[in-house]
Amino acid sequence: MYQTGSVASLLLRGEAMNVGYVTAIAALAGAALGGLTSFANSWATLHAQMKAQRLASSKSRRRKLYKQFIDEASRTYVDALVHDKLDISRLVGIYALISRMRVLSSQKVIESAAGIAILITDTYFQPNKTPTELQAMMHDGGVDPLRDFSGVCRQELETDLLA
């Protein structure tokens with residue numbers, strides 16, 4: 001009769017070991033390794049999917065935010081070109097959008113947006129533009145202060161700087 005003990009102690013003592021034990025141990029080790037491999041593969045796949053989903057969600061939020069900023073800044077800039085009375089409520093809306101960008105966006109986007117807010121504020125303190133002056137500005141490209149902002153936003157979204 002064999003005494004009970006570990007496989008290693010049996011081998012060290014030179015005692016014969018039942019082949020059934022070796023087969024059972026190998027089967028258990030194979031099952032454990034297969035289960036661990038399956039778990040690791042599932043975890044890695046899930047992790048990659050969640051990262052891609054977070055990136056897509058972040059891009060979507062930033063796109064909406066940039067669209068809101070462009071809409072609001074465009075309207076306010078046109079108002080500043082033809083009026084000399086500062087519209088504080090519109091400027092507050094622009095600065096609120098910039099503050100939201102500080103949470104979600106790159107430093108370049110934030111700096112560009114802040115520059116537009118300053119340009120709009122300064123424009124209110126300049127003389128109102130006549131239709132002839134507006135036409136000249138259209139031809140010179142001076143009516144599109146958001147061009148650089150749009151470019152910076154596009155670059156950020158295309159290169160996934162925040163990924």
Side-chain angles (χ1 to χ4, degrees), residues 8 25-163:
I25 291 171
L28 287 174
L33 184 61
L36 184 61
T37 303
S38 176
F39 171 77
N41 187 34
S42 296
W43 181 84
T45 301
L46 181 63
H47 181 71
Q49 288 173 345
M50 288 175 60
K51 184 177 180 180
Q53 185 177 14
R54 280 192 310 269
L55 179 61
S57 175
S58 173
K59 274 183 157 184
S60 176
R61 281 194 314 259
R62 285 181 282 147
R63 250 189 216 109
K64 288 176 186 174
L65 177 59
Y66 301 158
K67 180 187 179 307
Q68 286 176 326
F69 180 80
I70 289 169
D71 290 347
E72 188 69 25
S74 296
R75 282 192 294 273
T76 307
Y77 181 65
V78 169
D79 185 68
L81 287 172
V82 296
H83 296 101
D84 55 358
K85 184 178 180 209
L86 184 65
D87 190 345
I88 299 293
S89 63
R90 286 188 178 191
L91 284 177
V92 168
I94 289 173
Y95 279 105
L97 292 170
I98 293 171
S99 292
R100 288 176 53 199
M101 285 181 211
R102 286 189 179 102
V103 175
L104 300 171
S105 304
S106 70
Q107 191 61 34
K108 282 185 172 184
V109 170
I110 296 163
E111 289 170 1
S112 182
I116 291 168
I118 291 168
L119 172 73
I120 290 170
T121 304
D122 291 346
T123 303
Y124 272 111
F125 294 102
Q126 296 174 359
N128 293 344
K129 303 295 183 210
T130 65
T132 306
E133 290 172 321
L134 288 173
Q135 182 183 23
M137 288 177 71
M138 292 282 289
H139 290 289
D140 295 342
V143 182
D144 191 8
L146 295 165
R147 182 179 304 173
D148 291 336
F149 174 78
S150 299
V152 171
C153 292
R154 176 183 295 278
Q155 182 182 13
E156 177 187 278
L157 292 170
E158 286 177 353
T159 58
D160 293 331
L161 293 176
L162 303 175

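- Of all heavy-atom pairs between Ile120 and Ala73, the closest is CD1-O, 3.6 Å.
- Under the 4.5 Å side-chain criterion, counting only non-hydrogen atoms from C-beta, Leu81 is in contact with Met137.
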Begin with the C-alpha distance, continue with both residues' side-chain angles, and end with the deciding distance and a verdict on side-chain contact (heavy atoms from CB on, under 4.5 Å) for Gln107 and Glu111.
CA-CA 6 Å; Gln107 191 61 34; Glu111 289 170 1; 3.3 Å; yes
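- With hydrogens and angles disregarded, no donor-acceptor distance shorter than 3.5 Å links the side chain of Ser58 to the backbone of Arg54.
- No donor-acceptor distance shorter than 3.5 angstrom exists from the side chain of Gln155 to the backbone of Val152, with no hydrogens or angles considered.
- With hydrogens and angles disregarded, no donor-acceptor distance shorter than 3.5 Å links the side chain of Ser38 to the backbone of Gly34.
- Atom CE of Met138 and atom CD of Glu133 lie 14.5 Å apart (nearest 0.5 Å).
- Note on ring orientation: taking the six-membered ring where Trp is involved, the planes of Phe149 and Phe69 are tilted (angle from 30° to 60°).
- Not one N or O on the side chain of His47 forms a donor-acceptor pair closer than 3.5 Å with the backbone of Trp43.
- Rounded to the nearest 0.5 angstrom, Ile94 CD1 and Ile118 CD1 are separated by 12.0 Å.
- Residues Val103 and Arg100 fail the side-chain proximity criterion, which asks for heavy atoms closer than 4.5 Å.
- Atom OG of Ser74 sits about 4.5 Å away from atom CG of Leu146, to the nearest 0.5 Å.
- A distance-only check finds no donor-acceptor pair linking the side chain of Gln68 to the backbone of Leu97 [under 3.5 Å].
- Partners of Asp84 under the side-chain hydrogen bond (donor to acceptor under 3.5 Å, both in side chains) rule, at least two apart in sequence or in another chain, do not exist in this structure.
- With rounding to the nearest 0.5 Å, the separation of CG in Leu119 from OG1 in Thr76 is 11.5 Å.
- Note that CD1 of Ile70 and NZ of Lys67 are 9.0 Å apart. Values are rounded to the nearest 0.5 Å.
- Separating the NE2 atom in His139 from the CG atom in Leu134 is a distance of 11.0 Å, to the nearest 0.5 Å.
- When all heavy atoms of Tyr124 and His83 are compared, the pair lying nearest together is CD2-O, 3.8 Å.
- Between Arg63 and Leu157, the shortest heavy-atom contact is CG-CD1, 3.8 Å.
- Residue-environment remark: CD (Gln126) exceeds the threshold of 12 foreign heavy atoms within 6.0 Å.
- The pair Lys108-Glu156 fails the salt-bridge criterion, with no side-chain N (NZ, NE, NH1 or NH2) lying under 4.0 Å from an Asp/Glu carboxylate O.
- Tyr77 is not listed as a side-chain neighbour of Ile116, based on a closest heavy-atom distance of 4.5 Å or more.
- The main-chain N or O of Ala56 is never found under 3.5 Å from a side-chain atom of Ser60 such that the two would form a donor-acceptor pair.
- A donor-acceptor pair under 3.5 Å is formed between the side chain of Arg90 and the backbone N or O of Arg75.
- With 3.5 Å as the limit, one finds no donor-acceptor pair spanning the side chains of Ser150 and Arg154.
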